[in-house]
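These notes are about the structure you will find just below.
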Amino acid sequence: MTITPVAMGQPLDRLDGPDKVQGLARYAFEHQVDRPAYLYPVQATIANGRIRSIVAAPASAEPGVLTVLTHDNAPRLAVQGGETGVLQCDRIAFRGQLVGAVVAETSEVARYAAGLVRLTYDELPHDVELTADRAGLRTPAQVIPLFPMDTEQGDVEGTLAAAAVMVDRTYRTAMYHHNPMEPHTTVATWTDDGLTLYVSTQSVYAVKRTAMQLFDLPPDRVRVISRYVGGAFGAKVYQRAEIVLAIMAARAVPGRPVRFALTRQQMFSQVGYRTPTIQRVQLGADAGGRLVTLAHGSIEQTSTIEEFAEHATRMTPVMYAAPNRRTTQRVAALDVPTPTIMRAPGECSGMFALESAMDELAIACNLDPVELRIRNDPPTHPVTGQPFSSRNLVACLREGARRFGWPGRDATPRARRRAGWLLGTGMAASTYPTFRLPGSVARISAGPDGRYAVQVAAADLGTGTWTALTQIAADALEVSCADIELGIGDTAYPMASEAGASTGIMCWGTAIVEAARKLRKTLDGQHGGTVPPEGLTVEAAMPDNEYAKQYAMHTFGAQFVEVRVNEETGEVRVPRMVGVFAVGRVMNSKTGLSQLLGGMTMGLSMALFENSVVDARFGHVVNHDFAQYHIASNADVGSVDVHWIDEHDPYVTPMGAKGMGEIGIVGTAAAIANAVYHATGVRVRELPITLDKLLSPE
Ligand code: MOS
């Protein structure tokens with residue numbers, strides 16, 4: 001018997017890397033189809049009202065134009081309303097809404113002719129600015145479809161008034177757009193066999209379900225393929241109008257596949273965004289910094305089309321225990337596109353506020369901020385009372401402090417200068433829930449040649465799924481990675497939950513481990529332990545995790561940053577970041593490190609640069625391109641030092657993995673804001689931390 005080396009955890013190079021650098025890995029738009037036609041959309045130029053008239057004739061008459069779709073002639077969808085209900089009525093709910101489509105022989109003709117479509121409107125006043133004191137704030141019906149709403153315990157007002165130390169502050173986060181490198185793309189083909197879609201998506205099965213529902217199709221008439229995805233960050237989980245429009249357009253031009261890729265500018269109105277938030281955090285503590293009161297309220301925005309709300313306050317009672325607690329979520333429906341999930345939706349926004357407030361509390365208590373967090377680390381889940389399957393926040397704090405060189409830090413603000421720069425350090429904690437999405441099934445076909453085809457309709461967003469799932473399969477089957485032929489990103493393979501909520505590797509991997517067990521059992525029980533000449537195929541679903549009801553499951557982390565702020569200009573630089581995380585067992589130490597490093601980099605970008613600026617006069621994002629929407633580039637990022645502690649959690653998944661796609665962005669912005677305070681003495685409570693806020697503080 002040969003001993004196979006353990007694949008899980010190894011820093012295996014990306015298996016899809018060579019294909020990608022050679023241009024052989026086809027993204028959705030690059031799939032070759034016969035006689036493609038091209039779609040260019042028409043967008044509303046008002047933010048609220050109705051379409052009075054559409055004149056499409058000049059566009060239709062343009063040579064090369066195959067059809068012009070508007071709500072006057074578009075087919076009726078089987079499900080009306082919502083973000084997918086495109087061209088179903090004359091109502092305009094936000095500026096930029098898709099109100100028509102030109103399909104033509106070339107993308108140039110389509111784009112030109114789209115400009116010839118003339119619309120008139122009955123315009124109504126619009127309301128696009130989120131404010132805290134507005135009328136009509138409501139409790140959302142649900143906060144992402146997974147989480148409980150408000151929580152309350154004890155006497156918040158009374159204990160706050162009586163607390164030895166109190167912090168009561170309001171923090172704001174900006175509107176952010178995901179901006180993956182690859183735009184949202186669809187290639188739709190109708191044939192006698194049904195509908196085939198090449199799309200850029202986080203879930204081929206979610207796209208399939210949407211197509212089936214809207215176009216009233218049976219499962220065997222829809223196939224969705226998405227082998228490679230050039231980034232997503234949450235923007236490609238839920239289906240929106242653009243994909244529906246492409247399917248509709250392909251049906252309108254029989255025999256012609258339709259290609260549709262959003263432009264970068266269109267991405268700023270079509271694919272969702274991270275809602276801006278206004279958050280009030282109230283902390284009451286005894287003189288030793290032990291929390292007696294913890295209150296956190298968040299106000300967000302949604303659209304008038306659909307309600308989407310994230311849970312900015314949800315991690316607050318998980319992080320710290322206080323006998324008196326209140327969390328509230330409120331949402332305002334504005335004349336804007338519907339927001340959506342974006343990397344750590346809720347945790348990311350909420351932890352900026354909470355971890356900034358904890359820094360303010362540490363200063364008010366004259367206590368080291370690391371020590372403050374250690375003092376308030378709860379032994380069990382403060383709301384449910386459950387034990388944690390593993391909780392290593394304190395270990396991350398201690399290890400991060402050691403690696404960063406935190407001990408002995410002088411907390412005095414504005415006390416360090418070098419060559420015209422004010423220097424400061426700051427820290428914050430990170431967390432993200434570990435949970436499972438239902439529905440993943442893996443298929444394994446063993447061949448007599450010792451090779452294994454492993455199939456599950458997972459997604460690789462550029463994150464390393466191809467590689468990590470191959471490693472998990474190799475270990476589960478006790479073979480080398482070279483013996484695994486993985487298939488993902490295709491509804492020809494068994495059902496998979498989406499690449500979302502940092503659950504992908506856990507859910508798909510658990511299904512693969514289960515299928516491997518079943519294969520072994522079947523081989524041993526029915527075939528004397530060897531693969532029969534005709535091969536053997538098994539399928540298995542991800543089993544329920546009996547521990548999920550017993551234990552609270554979360555990942556944790558601690559981030560430490562060093563900043564310098566120019567005394568003259570207010571420019572903020574971040575020469576050094578250290579992140580230490582507790583994320584269970586890491587499946588691939590190279591792609592896993594990239595996940596955390598990428599998350600922290602995105603957090604830096606959120607803290608200092610990114611900001612979707614809405615022009616309230618018109619209702620759209622004005623800085624809707626990469627020249628004006630600033631994303632951290634290489635020159636903006638200094639040393640980013642990522643570590644994880646050796647965490648063994650036997651309860652989360654058979655692999656011991658806890659998920660690590662999102663936690664990296666949680667807390668980074670607070671760590672930077674806290675460091676900026678330490679450097680300058682100016683507390684910036686509104687992201688992004690731009691130089692104007694440092695030169696003329698409130
Ligand atoms: Mo992630 S924002 O749950 O796709």
Side-chain angles (χ1 to χ4, degrees), residues 83 142-147 173 175-184 199-207 210 226 229-240 243 267 271-275 277 300 302 308-312 314-315 337-352 430-440 457-465 488-489 496-508 553-555 583 591-592 594-596 598-603 605-606 610 657-669:
E83 278 283 339
Q142 56 181 15
V143 188
I144 310 190
L146 296 161
F147 298 110
T173 55
M175 173 192 274
Y176 300 98
H177 279 82
H178 311 70
N179 279 307
M181 289 303 289
E182 184 200 23
H184 288 52
V199 287
S200 182
T201 180
Q202 291 175 246
S203 171
V204 286
Y205 271 94
V207 172
T210 299
S226 183
V229 178
F233 308 113
K236 296 172 182 172
V237 166
Y238 301 125
Q239 285 66 64
R240 312 279 287 212
I243 191 167
M267 298 275 285
V271 306
Y273 54 91
R274 193 194 296 283
T275 177
T277 65
E300 314 168 0
T302 186
F308 174 86
E310 60 174 45
H311 49 274
R314 183 177 183 259
M315 285 304 104
T338 315
T340 192
I341 55 174
M342 181 168 163
R343 201 173 202 170
E347 297 85 8
C348 179
S349 312
M351 288 285 279
F352 166 68
S430 309
T431 189
Y432 192 80
T434 297
F435 57 94
R436 348 177 95 203
L437 299 175
S440 289
D460 190 325
L461 315 179
T463 45
T465 303
I488 64 168
S497 52
E498 73 242 30
S502 299
T503 62
I505 291 301
M506 292 190 292
C507 294
W508 313 322
M553 299 179 177
H554 292 263
T555 54
V583 289
T591 56
S594 293
Q595 286 276 50
L596 296 170
M600 290 174 69
T601 304
M602 204 167 168
S605 194
M606 167 193 189
E610 294 188 46
K658 287 172 88 175
M660 56 196 303
E662 294 170 83
I663 186 172
I665 197 176
V666 180
T668 320

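As the structure lists them, so they are numbered: ligands from 1, and atoms in each ligand from 1.
Note that CZ of F308 and OG1 of T275 are 8.5 Å apart. Values are rounded to the nearest 0.5 Å. T338 contributes atom OG1, which lies 7.0 Å from atom OH of Y273 (distance to the nearest 0.5 angstrom).
Residues E662 and R343 are not paired through a salt bridge, judged by the lack of any N-O separation under 4.0 Å between the basic side chain and the carboxylate. Electrostatic pairing of K236 and E182 counts as a salt bridge here, judged by a charged N lying under 4.0 Å from a carboxylate O.
Of the N and O atoms on the side chains of Q239 and T210, at least one donor lies less than 3.5 Å from an acceptor on the other residue.
Listed as neighbours of ligand 1 are Q202, F233, G234, V237, I341, M342, R343, P345, A499, G500, A501, E662, each bearing a heavy atom under 4.0 Å from the ligand.
Considering only heavy atoms from C-beta on, S349 comes within 4.5 Å of E310 through its side chain.
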